[in-house]
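To start, the structure under review is shown below, and the notes come after it.
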Amino acid sequence: MNIKKIFLILMSLILMAGLIGCVENFTCGVLNCQIKSGNEISIFIATDPHHLSKKTYDDGKAFETFLTTGDGKLLHYSEEIIDAFIMDVKNKEPDIVIFPGDLTGNGEKESHLEFAEKLKTIRKLGTHVFVIPGNHDIENPWARNYTGDQLTKIDSITSEEFAEIYAPYGYKDALSRDPNSLSYLATPSEDIWLLMLDSAKYNRNKVRDGPEMGGALSSKTLNWVEQCGELAEENNAKLIAVMHHSLLDHSDLINEDYTIEDNDKAIKTLQDCGVEIVLTGHIHLQDIKSYNEDDKTIYDIATSCLIAYPNQYGSLRFVPNKGYYYRTNRVNMSSWAKENNISDKNLINLQEYSRVFFQKRSYDKYYDSLLEISKYSDTEMKAISETISILNLGYFGGFRNDSLHHIFNTEGFKLLQDSAPNSIRDYALSMFNDEKTDNNKLFIPINLNETESK
Ligand SMILES: [Fe+2]
C-alpha cells in the first residue's frame, strides 16, 4: 500500500469520525412550525420575574430584612405583577412569550411549581411560551423559608427537574436540545426560530454554597449552536438568540459576572449563524448595545427586571420584508387591580410605590458605600445618595444622556463633579457616556438583498 493510499484511508476515517460525532451530538426532531411564513410575529419578553411563592415567607423580621436589603425587586408582589403581565398578554395577544431566566427568587422548588402553573394560563390563551434558566434558578443553596425572625434552608431544583417542570414551555417540543446544557432550539414559526441558550453555571453551586452569578456558553454548546445555524439556513429561517446573561457589555464599568465569559467566541459563532438579535436579562438594566464586524451587526437587547421599577417588559414585532420593532411596555397594574377588586393601594398605584421602593434601595446602598469611602460630610453623603438614586431611576429604566440632564443642578451632582475620581463618581458620570438617549425602542431593518438572494 503506498503512502497516498494510507493517507486517503486515514482521511476517510477522520471524516467518518467527524460525521459520527456530529450525529451523536446533534439530534433533531420533526419540524413543526405553527406560524406560517410571511406572517407578522409578535414576541413579549418578560425577564427576571423572580417569582417568590408566598408560602415561603410571612410578615416577620427575617423576610422584611431580606426584602429591604435587596436590589429594589418587589419580591412580595411577584405573584400580582406576573398576574397583571398575564392580563396584558390576554389583552394584546402576542404570538410568543419568552422568559429569559431568573424565573424564581432563589430557585425555590415551590416558586418554580407555582410559576409553571402561571405559564399554563398563558399557554391556554393560545400563546407559545419559552423559558430558559437564569443564575438564580437551579441548585440554588440560598433557597429559604422566612418565618418570623428565622431562615430555614429549603429545596431548590436540579437541572433535570427544570427541564421536567418546564417541559411544555420549550423542552418537550424543541427541534433540538443541546446535550451539554439546558439550551434548545424552538421553532414556533417558519420565518423565525429561537435559539434558547442556557448561559447559567449551576454545576458548582452546591460546592461553593451559593449561586454562581457569572455566565458562559461552553465550546460544546457553541458547536451545537453552529449546527442549529446550519439547520436554520437550510430551512430559510432566521435565528433570534435568547439567554440570561449579556452577550455584549452594557456598562463601561460593571461587566464582570454580567457579560458571559469569552464573549468574543460566542459573538463570532452567533454572527456566523446569522443571528442579529440576542434577547437578554440578568443585569436588570434596560439597555441596547450593538457590535459590528464585516458589515454584520449583532444587537444585545437587555430588558429590565419585570418586578423592579419601572416594571416593564419588551415587545418585539417582526414584520416580513421590513424588520424588527422593539419597544417596552409597562405592566398595566391599575387595570388588573380594578378587574380583580384589589384594595391594596401599593398595587393600585404600583408605578409610584415601585419607584419609591427602588429609589430608597439605591439611596441606602450608595449612602453605605459613601460611608466606606469616608471622604464626605453627612450632609454631602445625603445629597450625593439622593442624586444617584434619582439617576438610577432613569438609568435602569433605559434613559441616558440628555434625559438625565435635569440632575445637573442638584447639590449632589455638583459635589460629584468636583470630587477626585472614585467609583461612585465614575458610575454616575458613565450614565452620560451612552450614545443612545432612550433604550426603550429600536428598529432593525431587514437586509432585503440578503432575503431576496435566498
Ligand atoms: Fe435577576
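These numbers come from the heavy atoms of this one structure, side chains and all, not from hydrogens, waters or symmetry mates. First listed ligand is number 1; within each ligand, the first listed atom is number 1.
Restricting D102 to its N/O/S atoms, the shortest distance to the Fe ion (ligand 1) is reached by OD2. When the Fe ion (ligand 1) is compared with the N/O/S atoms of D48, atom OD2 turns out nearest.
Ion pair K54/E80 flagged as a salt bridge, since at least one NZ, NE, NH1 or NH2 atom sits closer than 4.0 Å to an Asp/Glu carboxylate oxygen.
A heavy-atom distance below 4.5 Å is not found between the side chains of D438 and Q286.
Geometric assessment of R317 against the ring of Y325 yields a positive cation-pi assignment under the 6.0 Å and 45° thresholds.
Here the angle at the Fe ion (ligand 1) defined by NE2 in H284 and NE2 in H50 stands at 100°, rounded to 10 degrees.
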Evaluate the ring pair (Phe, Tyr, Trp, His ring centres under 6.0 Å) criterion for residues Y169 and F99: first the C-alpha distance (whole Å), next the side-chain angles of each, then the deciding distance (0.1 Å), finally the verdict.
-> CA-CA 10 Å; Y169 314 112; F99 293 92; 9.0 Å; no
